[in-house]
Amino acid sequence: MNDRVIIFDTTLRDGEQALPASLSEREKLQIALMLERLGVDVIEAGFPVSSPGDFKSVQLIAREIKNATVCGLSRALEKDIDACGEALSVADNFRIHTFIATSDIHVDTKLRKSQDEVVEMAVHAIKHARRYTSDVEFSCEDAGRTHIDYLCRMVEAAIHAGATTVNIPDTVGYTIPSEFGGIVDALFNRVPNIDKAIISVHCHNDLGLAVANSLAAVQAGARQVECTVNGVGERAGNCSLEEIVMTLKTREQLLKLQTGIKTNEISKASKLVSQLCNMPVQANKAIVGANAFSHSSGIHQDGVLKGQNTYEIMTPESVGINKNVLNLTSRSGRHVIKHRLGELGYKDDEFDLDAVYASFLRLADKKGQVFDYDLEALLFFNQQKHEDAFYSLTYLHATSGQNIIPSATVTIQAGNRSITQTSIGNGPVDAAYNAIIAAIDGDDLEIVDFKLDSKGEGADALAQVSLIVEYKHRRFNGIGLATDIVEAGVKAFIFVLNNMYLADQIDQQKQEKIAGV
Ligand code: KIV
Ligand code: ZN
């Protein structure tokens, strides 16, 4: 049997659908490009029929990605498959992924159909998808709780209809490793045409077993694993990409399996997904948590100093963590910054050196010393800047203190109009937000979440604000970074406004298309 495990990433579909606020088209593209650099084989970019925004972002990703197969999800319905086919047809390589539920509980309660009817729908959907591409994946939703006889029948019918990958999801994260491995083993023993397709698995983490279940399935013969960066996804999330990949790599001698993942890109991918999705990574998370490679006990520290492999089963460098620290100040030249970014794993075409260096100097003037995490944060925020942004901040003044009413004056540029407003509030951030809302007539905006984090350590840390705003029943994400909390908050709000502006433009274009303008 082939020893290569296909890594199918669904951060932008299963992961994205579980976020409190959806990602913008640009943010999705940024993640897709990162996944391409990481070396994933298949990128599930979205669910095109679900919204015009999703359709457009799947199309954009399909156009831009050259070194991975781009995939779209569809229910077993012609209109979903047609939307997928249309959005993906611009790609060099694309896959249509169609699914229907197979467990009794889903078939009887959700679909209210007979088992025969569900097989017929699946076969019809696969044949319809084959009109667009020969790369068709079929998923038996809730396979983990499906009767094995019916699962075997469905898998055989799906392969016969033309599915080239058949996915076995543990949709509700219910199974345990021996059981899930046993399901895959039974399929290999009982489905006569099993050798005509790749068997894939897609495990959710409700019992914390998604990675263990995926591993058991791979040991039983599955050759595709569906996973997400940092394990983001519905409820407790999906199988974590970094954990399954590093398990296969670290235990390669035992498992004799490989992936095409460039593991030294893992840390960067994790940071990007965490920032953009506004999903912090727990410090003790395997592979990418802040403490994953730090040793606290004296005995362990002593051991590691004597020999790294006494307490480390993989090196931090193997997942792209660089532990050297360099002091950067306003006297550090452009070439030093470029060199350091290179050491941190960023390629020249990933950043605009002029822009990063200008921000670096501004920060160095304020902070004195700039650390690696500051540099990475600056890079991230420079990448997030909307080119030709409609809204920008040109002036901010806020006051607060004991026994005074907090107030703020804000000037924002909205296209070619400059608007200044002053407001009061229950704190300086609230006052600044009230001023912005007054400046843009934004009474229909609702701030649903405001999170303040520190980036870096101690008094040197930068303030990072992550903000979620609801507008026209949709939620938009924004992030802002500054040495000052109020400024970080205002920058996050401006970020949200630009995301909303872009989304409005996409809706408008779609409506014009429908009206034939
Ligand atoms: O969890 C699940 O069953 C899914 C399918 C659509 C593959 O996400
Ligand atoms: Zn899922």
Side-chain angles (χ1 to χ4, degrees), residues 6-19 40-51 54 58 69-77 80-81 83-84 88 95-107 109-111 118 121-122 125-126 129 135-146 150-151 154-155 158 163-175 180 183-184 187 197-211 213-214 217 222 224-241 243-244 273 277 279:
I6 296 166
I7 297 296
F8 175 116
D9 180 278
T10 183
T11 306
L12 291 170
R13 201 277 298 167
D14 217 325
E16 209 267 350
Q17 80 194 28
L19 298 180
V40 309
D41 302 285
V42 186
I43 298 174
E44 188 163 53
F47 191 0
V49 82
S50 65
S51 71
D54 226 41
V58 171
T69 297
V70 183
C71 173
L73 182 68
S74 58
R75 289 166 298 183
L77 298 175
D80 286 34
I81 295 165
C84 258
L88 292 166
R95 172 180 296 183
I96 295 180
H97 177 190
T98 184
F99 75 98
I100 197 161
T102 51
S103 63
D104 283 354
I105 187 161
H106 278 232
V107 170
T109 319
K110 189 178 82 175
L111 301 174
V118 173
M121 282 178 75
I126 294 163
D135 190 348
V136 173
E137 173 168 335
F138 172 71
S139 282
C140 310
E141 191 192 8
D142 205 15
R145 292 190 299 171
T146 298
Y150 185 54
L151 192 63
M154 182 60 104
V155 170
T164 43
T165 301
V166 177
N167 185 35
I168 309 299
D170 182 12
T171 303
V172 290
Y174 177 68
T175 61
F180 195 63
I183 293 173
V184 173
L187 292 174
I198 302 275
I199 296 302
S200 165
V201 287
H202 174 115
C203 297
H204 280 269
N205 204 30
D206 299 66
L207 294 173
L209 295 172
V211 176
N213 284 344
S214 305
Q224 175 175 285
V225 174
E226 302 198 356
C227 47
T228 58
V229 174
N230 298 338
V232 294
E234 279 289 352
R235 308 180 307 279
N238 288 58
C239 170
S240 134
L241 180 148
E243 292 177 22
I244 188 74
V273 168
C277 297
M279 296 279 261

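Read the numbers this way: they start at 1 and go in the same order the structure lists the ligands and their atoms. Quick note: numbers below take in every heavy atom, side chains included, and nothing from hydrogens, waters or symmetry partners.
- Nearest protein neighbour of atom 4 (C) of ligand 1, counting heavy atoms only, is His202 NE2, 3.5 Å.
- Between Asn238 and the options Asp14, Thr228, Asn230, a side chain to side chain donor-acceptor pair (under 3.5 Å) holds for only Asp14.
- Among heteroatoms of the N, O or S kind in Asp14, OD2 lies nearest the Zn ion (ligand 2).
- In this model, a donor atom of one side chain and an acceptor atom of the other lie less than 3.5 Å apart for Asn167 and Ser139.
- Tested against His202 for a side chain to side chain donor-acceptor pair (under 3.5 Å), the candidates Glu44, Glu141, Gln224, Glu226 yield a single pass: Glu226.
- Nearest protein heavy-atom neighbour of atom 7 (C) of ligand 1: Ser139 OG, 3.7 Å.
- The NE2 atom of His202 and the NE2 atom of His204 subtend an angle of 100° at the Zn ion (ligand 2), given to the nearest 10 degrees.
- Near Glu141, meaning under 4.0 Å from one of its heavy atoms, ligand 1 places the atoms 3 (O).
- For the pair Leu111 and His106, the minimum side-chain heavy-atom distance is 4.5 Å or more.
- Among the backbone and side-chain atoms of Glu234, none of the N, O or S atoms lies under 2.8 Å from the Zn ion (ligand 2).
- Counting heavy atoms from C-beta on, the side chains of Arg95 and Val42 come closer than 4.5 Å.
- To the nearest 0.5 Å, the span separating CG on Asp142 from CD1 on Ile168 amounts to 11.5 Å.
- If you check which protein heavy atom lies closest to atom 5 (C) of ligand 1, you get Arg13 NH2, 4.0 Å.
- Contacts between His204 and ligand 1, counted as non-hydrogen atom pairs separated by less than 4.0 Å, involve the side chain only.
- The shortest N or O to N or O distance between Asn167 and ligand 1 is not under 3.5 Å.
- The closest heavy-atom contact to atom 2 (C) of ligand 1, among the options Val172, Thr171, Asp142, comes from Thr171.
- Atom OG of residue Ser214 and atom CG of residue Leu209 lie 10.0 Å apart, to the nearest 0.5 angstrom.
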